[in-house]
Structure formats: C-alpha cells, structure tokens
A.B. asks: 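Handing you this structure, nothing more for now.
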Amino acid sequence: MSYPCTDLDSFMAGLRKRNPGQKEFHDAVQEVAADVLPFIQGKEKYGTECLLERLTEPDRIITWRVSWQDDEGNVRADRAWRVQFSNAIGPYKGGLRFHPSVNQSILKFLGFEQIFKNSLTGLPMGGAKGGSNFDPKGKSDHEVMRFCQSMMTELHRYIGPDKDVPAGDIGVGAREIGYLFGQYKRLEGKFTGAITGKGIAYGGSAGRTEATGYGVVYFMKEMLATKEDSLEGKTAVVSGSGNVALYCLEKLIQLGAKPVTASDSDGFIHDPDGIDEDKLEWLKDLKVNRRGRIREYAEEFGCDFHEDEKPWGIDCDVAFPCATQNEIDEDAAKTLIKNDLIALAEGANMPCTLEAQQALRGEVLYAPGKASNAGGVAVSGLEQAQNSQRVSWSKEEVEERLQEIMREIHDKCREYGDSDGDGEIDYVKGANIGGFVKVADALLQQGVV
Ligand code: NDP
Ligand code: 2IT
C-alpha cells in the first residue's frame, strides 16, 4: 500500500488485513473512509500526513481479566477492555458496555465512531469505548456491585478527568455507574469527575439520563424542518426499551408524534393506539425498576407481542432504531422505504448495516448515529464542565444547551453534506467530514504523535 492511501479499496484491504475478523470495525471505518478519502485527496494541507491511517489505529487498547464472586460463591472471570482511540481534541471520552456479545471488534467500532461524534458536539472530547462480556441480566445488585468494583480496580489506573472519562452504554446505567464511581473514588482517594452519567446526588448533570433519546428526536425535528415538515401526528416506530429508547419515546409523545412500537432482545410490541404518557411511565417502571421484559407490556395493555421479530415491517412515517448495531439490514430498510418512510434517525450506534445505509441514503432523510445520538455524550461533556466548575445547572439550562448542540450538529451536516447547496443533505457525508475536519486540524497542529 502506498502512503497516504487515496483509494478506498486498497485502504480497506490493508485495514482488513491488519485487523482480521473485526467485521464491525471494518464496517465503521469503511463508512467514514468512503467520505473522508475523497475529501482529503488533493488538499495540500493533508499532504503526506496519513491522517486516516493514523486515526484507524487506536492510541492503545487495555485489556484485563475481571474476577468476581457470584452469590453462590463461585468465582467468575470475565474480560474487559478500554479502547483509547484518539485524544487529539480532548481527554478520551466514551461509554462502557456490559453485554455478552462485547468483543474487541465491537469496542473498536464504537471507539472509532466516538472520535467523530464527539468532535461534532463542538466540545473538547476525544474518542474511546470500553466494556466487558459480563452480562448484568439476571444478576443480583450485589453481584453487579462486586463485578463493577473488580472492574474498576484495574480501570482506575487509566482514567481521570483530564485523561479518560467513561460513561454508560448498553448494560451500564445509573446502578453500574454508581458502583463504578464509588470504587474509583475509594481507590483514588479523591472526588473528581472521572465518570459521567453520575447520579444527581453526587455530581451528575440534570438531563443526562434523557439526553440521548431527546437529542435523537431534536435531530429528527431539524431534518423534518428542512422539508417544512414536523413530528406532529407522525407514526413512529422505535426499537429498544432501554435508556435511549425510553427517552426517545418520551420526547416523541411530547412533540405530538404517535410511537407504536418498542422492543427488547425477545421481540417487539405493537400498540396501534400509540404508547402514551401513562403507558410510558408504566414501561419505564417495568424496564428501569423491575428489570422486566417487553412482552409484559403486551399483556398489560392488550396489544400484540411479536416474538423474536424486529419492528421494521410496521407502517410508519419516522423510524428510530435505539437498541443495538446491525438491527436493520437491507431487506428491512427496503421494507421501510416501501411503506413510505419519510425519515430515520439512529439512536443506537450503527443500527443500519452498510447495505441498509446504501438503500436509505438518498431515498429518505437518514441520520447516522454519530450525528443523531450525539446528545448523550454532549450532555456528558456538559457534566464534565459542571464538575470542573463545581456547579450544577438546571434541567432547563441543560436541555436548552442540548437543543442548541443538536441544531449545530445539523448545521455541520448541512455545511459538509450539501456542498452544492441544492438543499438535499447527505447526512452521512456531512457527519463524517464535519467530524473529521476538527480532529484533522488538531492532529496537524500537534505534529507527528
Ligand atoms: P440499554 O442497555 O439501556 O438498552 C439496550 C436496549 O437494546 C434494550 O432494550 C436491549 O434489550 C436491547 N438490546 C441490546 N442488545 C441487543 C441485542 N443484541 N439484540 C436485541 N436487542 C438488544 O442501552 P442504551 O439504551 O444505553 O443503548 C442503546 C443503543 O444506543 C446502543 O447502540 C448504544 O451504543 C447507543 N447509545 C447510547 C447512549 C447512551 O447515552 N446510553 C449514547 C449514544 C448511543 P435486552 O434488555 O433484551 O437486552
Ligand atoms: O455511544 C455513546 O455516545 C455513549 N454511550 C455515551 C458516551 C458518553 O461518554 O456519554
């Protein structure tokens, strides 16, 4: 391969060879490289800097064993990683995921996307991701606490408010963040904002819990506004029933849309009358407090439960995949388009396969996660700012700033994704290049590091 590589096929062939078996990582890089390589080409300032070659190689990956004891006294051993991808524009920042499917490929794809997402927020945050194949499902609070304490006993060496600031992701919510922070504080002997998504009682930001889901809906609102349209009266299909999905549902209801589905790994519920405020409160209690299954919604409210199915065949105007990666394949995307979908905003990271993206781009308004789900990490950035200043902003103030940040991300997508100014925004291209330019400038100014 010649340096710098300007041809997508040879760039990807090299990347695949260096990172065998890491399909999720390959896909995430391919999406970015397809837009960034042509953008770099011929621009003198990028010259021989090999920026994309550098950005696809993490600064470091830390991996360790987490030993812990279950309630029966058995000693368990799980794997954990922290992928510190790039601190070009700020301390490493990104969530921790606990799920049996977690492996290095998944964390590398997430960490890589996080670089560009965090850049799009306009806040000084680098890109990272971490997690474990530990499955919190079915574990007691005490088991989760022992796991989190053991995990942090190693992780604490590598994080800190000016170094690397983890947060939540799949399987890591308020409970896990509390246990992780408690152990960090005990080991370090100091109270600093080394983690975000903290409880309000100990330095968390108002509005962080809601931020990702609300942000996705704000982004959708901006996309629809480019077509002089709004969410009022729109039928929405949502997947997932975790943190992102629940607050996506909440904001949709507040803005007059009618969400009709929610899901978990067992299947989806279809409520043609719409999930309203009262039903959502019940669902939050089911999922957050009782850790129940989505099928119980169907039993409670007398609607259909579709076991082992995804909701993409349900007629809708707008769609919000908010569960996990690769949950919409090409067939599902084509079904959505056939059913007259207007717009899709990703709440999850990479929920659409590359083939699904291809089908959606140009056919509907389509927002990639690194733009539309950036509200979560943006409010994490605001939490870091509040912690540094030792202040707490009101929920209204945080929500106002979140809306402003989502508008600015939309503006950046317009700036870089509609270069001919005809009003048709390619949000994938806009987000990839819009995220890249700031990181690239930072790398150029910091020399060969
Ligand atoms: P949660 O753990 O709160 O919820 C995850 C939801 O997705 C659950 O309903 C879960 O169902 C479902 N799910 C997870 N894995 C699978 C799977 N393999 N197959 C089917 N369903 C699955 O996570 P979040 O809501 O925080 O995260 C959801 C998505 O949003 C992820 O892609 C995450 O990376 C992304 N994201 C999260 C942010 C945040 O601030 N939390 C910020 C930006 C993006 P079940 O309970 O059955 O496993
Ligand atoms: O994917 C993501 O952006 C997150 N899980 C949130 C990361 C964070 O640091 O708040």
Side-chain angles (χ1 to χ4, degrees), residues 24 90-102 106-107 109-118 120-121 123 125-131 135-138 159 164-177 193-198 204-205 207-216 238-249 262-269 283-284 286-288 291-295 308-311 320-327 345-352 368-384:
E24 293 85 358
Y92 302 106
K93 182 85 196 86
L96 295 172
R97 177 177 292 192
F98 292 172
H99 193 272
S101 64
V102 165
I106 289 177
L107 297 179
F109 115 64
L110 290 162
F112 179 72
E113 292 212 324
Q114 200 83 45
I115 304 172
F116 305 95
K117 183 196 303 193
N118 293 1
L120 283 169
T121 66
L123 299 169
M125 302 182 290
K129 202 83 188 190
D135 186 359
K137 232 178 262 158
I159 65 172
D164 182 355
V165 185
D169 193 80
I170 291 177
V172 178
R175 174 182 61 171
E176 290 74 17
I177 293 289
I195 302 182
T196 61
K198 300 186 291 298
S205 174
R208 173 62 186 90
T209 309
E210 297 86 350
T212 313
Y214 280 16
V216 179
V238 176
S239 70
S241 50
N243 172 263
V244 181
L246 289 172
Y247 291 96
C248 173
L249 290 166
S263 73
D264 63 21
S265 50
D266 295 343
F268 78 92
I269 58 102
L283 182 59
K284 278 189 199 165
L286 174 76
K287 282 294 175 178
V288 180
R291 299 184 188 271
R293 307 306 296 161
I294 198 70
R295 70 173 75 230
D308 290 333
E309 283 183 47
K310 295 180 169 43
F320 298 88
C322 295
T324 192
Q325 64 274 359
N326 296 331
E327 50 171 322
E346 295 184 344
N349 288 306
M350 209 167 70
C352 293
K370 59 171 79 73
S372 50
N373 73 33
V377 75
V379 173
S380 276
L382 301 182
E383 182 172 330
Q384 290 178 267

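Just so you know, ligand 1 is whichever comes first in the structure, and atom 1 is the first atom listed for that ligand. This chain uses plain numbering: 1 for the first residue, then up along the sequence. Note that these values count all heavy atoms, side chains included, but never hydrogens, waters or copies made by symmetry.
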A.B. asks: Within the 4.0 Å heavy-atom shell around S263, which atoms of ligand 1 are there?
C.D. replies: 9 (O)
A.B. asks: Enumerate the atoms of ligand 1 whose separation from the nearest heavy atom of S265 is less than 4.0 angstrom.
C.D. replies: 11 (O), 20 (C), 21 (N), 45 (P), 47 (O), 48 (O)
A.B. asks: Are any of the N or O atoms of N349 closer than 3.5 Å to those of ligand 1?
C.D. replies: yes
A.B. asks: Hey, does the side chain of E346 reach the backbone of G369 with a donor-acceptor pair shorter than 3.5 angstrom?
C.D. replies: yes
A.B. asks: So which heavy atom in the protein is nearest atom 28 (C) of ligand 1, and how far is it from that ligand atom?
C.D. replies: A323 O, 3.2 Å
A.B. asks: For atom 16 (C) of ligand 1, state which one of T324, V172, V244 supplies the nearest heavy atom.
C.D. replies: T324
A.B. asks: Go through ligand 1 atom by atom and flag the ones less than 4.0 Å from a non-hydrogen atom of C322.
C.D. replies: 28 (C), 29 (C)
A.B. asks: Using a 4.0 Å heavy-atom cut-off, say whether E327 meets ligand 1 through its side chain, its backbone, both or neither.
C.D. replies: neither
A.B. asks: Test your reading of the structure: does R208 have an N or O sitting under 3.5 Å from an N or O of ligand 1?
C.D. replies: yes
A.B. asks: Show the atoms of ligand 1 that are less than 4.0 angstrom away from any heavy atom in K137.
C.D. replies: 45 (P), 46 (O), 47 (O), 48 (O)
A.B. asks: What does the N/O contact table under 3.5 Å look like for ligand 2?
C.D. replies:
unit_1: ligand 2; atom_1: 1 (O); unit_2: K117; atom_2: NZ; d: 3.0
unit_1: ligand 2; atom_1: 1 (O); unit_2: K129; atom_2: NZ; d: 3.0
unit_1: ligand 2; atom_1: 1 (O); unit_2: N349; atom_2: ND2; d: 3.1
unit_1: ligand 2; atom_1: 3 (O); unit_2: Q114; atom_2: NE2; d: 3.0
unit_1: ligand 2; atom_1: 3 (O); unit_2: K117; atom_2: NZ; d: 2.8
unit_1: ligand 2; atom_1: 5 (N); unit_2: K129; atom_2: NZ; d: 3.2
unit_1: ligand 2; atom_1: 5 (N); unit_2: G168; atom_2: O; d: 3.1
unit_1: ligand 2; atom_1: 5 (N); unit_2: D169; atom_2: OD1; d: 3.0
unit_1: ligand 2; atom_1: 9 (O); unit_2: K93; atom_2: NZ; d: 2.7
unit_1: ligand 2; atom_1: 10 (O); unit_2: R208; atom_2: NH2; d: 3.0
unit_1: ligand 2; atom_1: 10 (O); unit_2: S380; atom_2: OG; d: 2.6

A.B. asks: With heavy-atom distances below 4.0 Å as the criterion, list the atoms of ligand 1 near R97.
C.D. replies: 31 (C), 32 (O), 33 (C), 34 (O)
A.B. asks: Could you tell me the separation between the CG atom of D264 and the CZ atom of R295, rounded to the nearest 0.5 Å?
C.D. replies: 8.5 Å
A.B. asks: Under 3.5 Å, side chain of T212 to main-chain N/O of G375, donor-acceptor pair present?
C.D. replies: no
A.B. asks: Given I170, I106, V288, which has its nearest heavy atom closest to atom 27 (O) of ligand 1?
C.D. replies: I170
A.B. asks: Just which atoms of ligand 1 are under 4.0 Å from any heavy atom in A348?
C.D. replies: 29 (C), 30 (O), 32 (O), 35 (C)
A.B. asks: I'd like the name of whichever of D135, I294, D169 reaches closest to atom 33 (C) of ligand 1 through any heavy atom.
C.D. replies: D169
A.B. asks: Yes or no on side-chain contact (heavy atoms from CB on, under 4.5 Å) for L96 and I195, after CA distance, side-chain angles and deciding distance?
C.D. replies: CA-CA 10 Å; L96 295 172; I195 302 182; over 6 Å; no
A.B. asks: What is the closest protein heavy atom to atom 3 (O) of ligand 1, and at what distance does it sit?
C.D. replies: N243 N, 2.9 Å
A.B. asks: Please state which protein non-hydrogen atom is closest to atom 4 (O) of ligand 1 and give its distance, to 0.1 Å?
C.D. replies: G242 CA, 3.3 Å
A.B. asks: Could you report the tightest heavy-atom contact between T196 and Q384, atom names first, then the distance?
C.D. replies: CG2-CG, 3.8 Å
A.B. asks: To the nearest 0.5 angstrom, please state how far the CZ atom of R293 sits from the CD1 atom of I269.
C.D. replies: 13.5 Å
A.B. asks: Heavy-atom distance from atom 10 (C) of ligand 1 to the protein below 4.0 Å?
C.D. replies: no
A.B. asks: Could you grab the distance from atom OG of S241 to atom CD1 of I294, nearest 0.5 Å is fine?
C.D. replies: 4.0 Å
A.B. asks: Return the residue, atom name and 0.1 Å-rounded distance of the protein heavy atom closest to atom 46 (O) of ligand 1.
C.D. replies: R293 NH1, 3.6 Å
A.B. asks: Which ligand 1 atoms are under 4.0 Å away from a heavy-atom of G347?
C.D. replies: 30 (O), 35 (C), 36 (N), 44 (C)
A.B. asks: Rounded at 0.5 Å granularity, tell me how far CG in L110 sits from CD1 in I170.
C.D. replies: 8.0 Å
A.B. asks: Suppose we measure from atom 39 (C) of ligand 1 to each protein heavy atom; which comes out shortest, and what is that distance?
C.D. replies: T212 OG1, 3.4 Å
A.B. asks: Looking only at N/O atoms, are K129 and ligand 1 under 3.5 Å apart anywhere?
C.D. replies: no
A.B. asks: Any sub-3.5 Å donor-acceptor pair from K117's side-chain atoms to A374's backbone N or O?
C.D. replies: no
A.B. asks: So how far is it from F109 CZ to Q325 CD, rounded to the nearest 0.5 Å?
C.D. replies: 4.5 Å
A.B. asks: Mind checking whether I159 and P166 have side chains closer than 4.5 Å, heavy atoms only?
C.D. replies: yes
A.B. asks: To the nearest 0.5 Å, what is the distance between CD1 (I177) and NZ (K198)?
C.D. replies: 9.0 Å
A.B. asks: Keeping the roles fixed (side chain from N349, backbone from E113), state whether a donor-acceptor pair exists under 3.5 Å.
C.D. replies: no
A.B. asks: Would you say that T121 contacts V377 through its side chain, given a criterion of any heavy-atom pair below 4.5 Å between the two side chains?
C.D. replies: yes
A.B. asks: Can you confirm, on distance only, whether ligand 1 has an N/O atom lying under 3.5 Å from any N/O atom belonging to S241?
C.D. replies: yes
A.B. asks: State plainly whether the residues E327 and K310 are in salt-bridge range, i.e. N to O under 4.0 Å.
C.D. replies: no
A.B. asks: Is a donor on one side and an acceptor on the other found under 3.5 Å between the side chain of K287 and the backbone of G292?
C.D. replies: yes
A.B. asks: Please answer whether the main-chain N or O of L286 pairs with a side-chain N or O of R291 as donor and acceptor at a distance below 3.5 Å.
C.D. replies: no
A.B. asks: Consider every N or O of G171 and every N or O of ligand 1, then say whether any pair is closer than 3.5 Å.
C.D. replies: yes
